[in-house]
Amino acid sequence: MNPNVRDIPGYGVDADPKNRPGFPREESPQLRGDARGPPSPQESDVTVFKHGQPARKFPPVFGTAQPPQGVSGLLRRLAYKYPDHWTRHWMMLLFADRVDVAEHKLRRGLPRLAAAAAVVLAGGVVMRRLRA
């Protein structure tokens, strides 16, 4: 080895771990003083479906904004009885989405339909009285 090599700036940087730029990654990360640590597991009072292996841990935070309900919820519950890699699982979930849209439209349109039926019924009663 050339004796002048040691005079090159930066030569042997990784000889001492304190001078190694990648050295902190070789240790496990330490929490800072102001860190709270991992989040506590979220509690849920509604059904939350989970993909994958049942032995895997559930994520600490998950969405419960729209719990499964109605016929679409029953279809989802049935779909999750099949493994993820089966086409039946995904097709049932897609069908449950379409049923959910139909349920929403029906729920939204039901008051309008009831009001229209009441107007038609009242109009029919008035027309009968006028004829008689």
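Bear in mind the structure is a predicted one, so any value in this text is a computation, not a measurement.
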Residues two or more places apart in sequence or in another chain: which of them pass side-chain contact (heavy atoms from CB on, under 4.5 Å) with S44? V46, V48, F62, T64

For side-chain contact (heavy atoms from CB on, under 4.5 Å), just list the numbers for R98 and L94, CA-CA rounded to whole Å, side-chain angles, deciding distance to a tenth of an Å, and then say yes or no. CA-CA 7 Å; R98 299 299 113 215; L94 286 172; 5.9 Å; no

Got a sec, which pairs hit ring pair (Phe, Tyr, Trp, His ring centres under 6.0 Å) with one end in residues 87-132, sequence neighbours left out? H51-H89, H51-W90, Y80-H89

Please determine whether the number of non-hydrogen atoms from other residues, nucleotides or ligands lying under 6.0 Å from atom CZ of R128 exceeds 12. no

In a check of side chain to side chain contact (heavy atoms under 4.5 Å, CB included) between P68 and each of L75, T47, D100, L74, which one passes? T47

Not counting sequence neighbours, which residues clear side-chain contact (heavy atoms from CB on, under 4.5 Å) with L78? List them please. K81, M92

Quick check: closest heavy atoms across A96 and S72, and the distance to 0.1 Å? O-CB, 3.4 Å

Does this structure show an ion pair linking D97 with R76, if we count only N-O contacts that are shorter than 4.0 Å? yes

Which heavy atom of E103 sits nearest a heavy atom of Q69, and at what distance? OE1-O, 3.8 Å

